[in-house]
Amino acid sequence: MTVRELDAAGITEPALRDAYTHCRRLNARHGKTYFLATRLLPVERRPAVHALYGFARWADDIVDSLDAGIPAHRRAADLALLHERLQRGLRDDSGAEPVVLALADTARRYAIDHSHFGDFMASMRSDLEVTDYPTYDDLRTYMHGSAAVIGLQMLPVLGSVVPREEAAPHAAALGVAFQLTNFLRDVGEDLDRGRVYLPTDLLAAHGVDRELLLWSRGTGRRDPRVTAALRAFEDLTRGVYREAAPGIAMLEPVSRPCIRTAFVLYGGILDAVAADGYAVLHRRAVVPRRRRAAVAADGLMRLAAARARERTARRTTVSAGPPGRAAAPVPCAGTHPAPRAVTAQPLHKEVR
């Protein structure tokens with residue numbers, strides 16, 4: 001965490017500054033796509049985003065560690081302890097874990113509904129026991145806690161130009177779209193953990209089951225039925241991006257470049273998967289660095305334009321005359337459709 005960000009956010013207490021800095025390091029290390037997009041937020045809002053992500057990353061690491069030396073009952077105990085500290089931290093701003101200290105402070109500053117954190121922890125506990133999902137509806141129930149609530153936690157930090165309840169469904173859909181993207185990218189890695197997030201009925205419609213996935217993963221060989229199922233899951237995911245897209249224009253103008261950048265970069269992962277022939281059982285598809293840089297540069301230009309409009313709107317408000325006369329509305333930065341044609345080569349759950 002840079003001193004500038006902490007100072008801008010009004011975070012002065014040394015232990016809190018250390019806690020937020022710890023969360024920022026987690027974001028920078030594990031969520032490169034998300035971290036890049038976060039750099040486009042106003043400086044005073046970045047610490048809150050790092051706190052939300054840092055807590056999610058910490059919980060997810062407890063659940064998803066591939067360390068064979070940690071038995072399931074130990075992971076369950078560690079997760080239960082984290083939940084206990086979370087509840088205590090949300091109640092009285094206490095807690096030994098830096099991620100809990102930062103999260104509790106962010107929740108207080110932005111009046112984030114505490115039920116979102118409880119729903120998140122419920123999905124994390126589910127990951128310790130549930131290894132597949134019979135239908136997409138079953139998967140959506142899980143993703144409410146693991147992904148949709150992340151979007152809902154973010155919404156108060158980003159701000160909106162419409163009532164929050166109007167923007168909330170789109171924010172939740174964006175969280176789900178990002179996680180579906182990660183599920184597709186990480187099919188092989190999740191299979192190694194004993195989990196299949198692609199719905200059983202979707203796989204079965206293309207003649208695929210867990211055994212076929214394991215065979216392909218283990219032998220390195222391809223099967224057209226698996227490719228068809230993965231393509232169908234990609235199509236489903238793009239539909240969720242379309243649900244989320246209208247929400248970008250509902251955010252405060254200075255927040256839109258950040259979320260639009262994340263929207264395009266995560267959508268670029270889908271493009272990379274398709275361009276690599278849906279070989280996700282054998283290798284991870286990535287968005288090329290030059291593409292990430294180009295999208296970030298576009299985000300910086302949009303951010304500069306949004307800030308210029310904000311300054312103009314402020315000057316207009318000051319010179320508008322008697323109280324009660326409203327300044328002209330700030331124009332929307334616009335949205336971007338779910339990307340498809342990006343040239344890509346061979347970002348939880350990065351939100352995981």
Considering only heavy atoms from C-beta outward, does the side chain of Phe117 approach that of Leu52 to under 4.5 Å? yes

Before you tell me yes or no, could you show the steps for Asp223 and Trp215 under side-chain contact (heavy atoms from CB on, under 4.5 Å), namely the whole-Å CA-CA distance, both residues' side-chain angles and the distance that decides it to 0.1 Å? CA-CA 10 Å; Asp223 187 290; Trp215 171 85; 4.3 Å; yes

Of all heavy-atom pairs between Ala249 and Arg256, which one has the smallest distance, and what is that distance? O-NH2, 3.2 Å

Sidechain N-carboxylate O distance under 4.0 Å for Asp78, Arg74: yes

Do the side chains of Asp186 and Arg195 get close enough for a salt bridge, i.e. N-O under 4.0 angstrom? no

What I'd like to find out is whether the side chain of Tyr278 reaches to under 4.5 Å of the side chain of Val273, using heavy atoms alone. yes

Give me the atom names and distance for the closest heavy-atom approach of Leu281 to Val187. CD2-CG1, 3.5 Å

Here the gap from Glu5 atom CD to Glu44 atom CD, rounded to the nearest 0.5 Å, amounts to 10.0 Å

Has the side chain of Arg75 got a donor or acceptor atom that lies under 3.5 Å from a matching backbone atom of Ile70? yes

Nearest 0.5 Å please: distance from the CG atom of Asp64 over to the CZ atom of Arg193. 4.5 Å

Output the distance between atom CG (Leu270) and atom CZ (Phe233), rounded to the nearest 0.5 Å. 9.5 Å

When every non-hydrogen atom of Arg242 is compared with those of Asp235, the smallest separation belongs to NH2-O, 4.5 Å

Note: Thr131 and Gly194 closest approach over all heavy atoms is CB-O, 3.3 Å

Ser123 side chain to Tyr142 backbone, donor-acceptor under 3.5 Å: yes

Side chains of Tyr197 and Gln179, heavy atoms from C-beta outward: is any pair under 4.5 Å? no

Indicate yes or no: at least one non-hydrogen side-chain atom of Leu212 is less than 4.5 angstrom from one of Arg225. yes

Enter the distance from Thr227:OG1 to Arg222:CZ here, rounded to the nearest 0.5 Å. 5.0 Å

Report the relative orientation of the aromatic rings in Tyr241 and Phe263; use parallel for angles under 30°, tilted for 30 to 60°, perpendicular for over 60°. perpendicular

Atom pair NE2/CG of His83 and Leu86 - distance to nearest 0.5 Å: 5.5 Å

Quick check: do Arg24 and Pro47 have side-chain heavy atoms less than 4.5 Å from each other? no

Residue pair Leu251 / Val161: nearest heavy atoms and the distance that separates them: O-CG1, 3.8 Å

Same apolar cluster: Phe120 and Val130, side chain cutoff 4.5 Å: yes

Give a yes or no on whether a salt bridge exists between Arg57 and Asp60, defined as a side-chain N under 4.0 angstrom from a carboxylate O. yes

Atom pair CG/OH of Leu236 and Tyr136 - distance to nearest 0.5 Å: 4.5 Å

Report yes or no: do Asp138 and Thr135 form a side-chain donor-acceptor pair below 3.5 Å? yes

So, do Leu198 and Leu213 sit near enough that their side-chain heavy atoms are less than 4.5 Å apart? no

Got Asp105 and Tyr20 here, is their nearest side-chain heavy-atom distance under 4.5 Å? yes

Under 3.5 Å donor-acceptor, Arg260 side chain and Ile248 backbone: no

Donor-acceptor contact below 3.5 Å, side chain Glu13 vs main chain Leu16: yes

Stepwise, does the side-chain contact (heavy atoms from CB on, under 4.5 Å) test hold for Leu180 with Tyr266? CA-CA 10 Å; Leu180 288 171; Tyr266 268 89; over 6 Å; no

Say whether, by atom type as modelled, one donor and one acceptor occur between the side chain of Asp61 and the main chain of Trp58 under 3.5 angstrom. no

Cluster check Val157, Leu152: I/L/V/M/F/W/Y, side chain < 4.5 angstrom: no

Determine yes or no for a side-chain-to-main-chain donor-acceptor pair under 3.5 angstrom, with Arg109 supplying the side chain and Ala9 the backbone. yes

Evaluate side-chain contact (heavy atoms from CB on, under 4.5 Å) for Phe183 paired with Met143, printing each intermediate quantity in order. CA-CA 11 Å; Phe183 286 161; Met143 289 191 297; 3.7 Å; yes

Between Glu252 and Val254 (side chain of the first, backbone of the second, donor and acceptor by atom type, cut-off under 3.5 Å), is there such a pair? no

Between the side chain of His282 and the main-chain N/O of Ser216, is any donor-acceptor distance below 3.5 Å? yes

Begin from the C-alpha positions of Asp276 and Arg185 and carry the test salt bridge (charged side-chain N to carboxylate O under 4.0 Å, His left out) through to its verdict. CA-CA 11 Å; Asp276 197 31; Arg185 181 196 61 189; over 6 Å; no

Quick one: do Leu158 and Leu41 satisfy side-chain contact (heavy atoms from CB on, under 4.5 Å)? Show the steps, please. CA-CA 8 Å; Leu158 299 171; Leu41 277 177; 3.7 Å; yes

Does this structure show an ion pair linking Asp271 with Arg238, if we count only N-O contacts that are shorter than 4.0 Å? yes

Leu82 and Phe55, any side-chain heavy atoms less than 4.5 Å apart: yes

Quick check: closest heavy atoms across Ala8 and Val43, and the distance to 0.1 Å? CB-CG2, 3.7 Å

Is there a path of hydrophobic side-chain contacts, each under 4.5 Å between heavy atoms, that joins Leu81 and Val99? no

Is there a donor-acceptor pair closer than 3.5 Å between any side-chain N or O of Arg46 and the backbone N or O of Arg39? yes

When you measure from the side chain of Thr141 to the backbone N and O of Asp137, does any donor-acceptor pair fall under 3.5 Å? yes

Do Asp7 and Arg17 sit within salt-bridge range, that is, some charged N less than 4.0 Å from a carboxylate O? yes

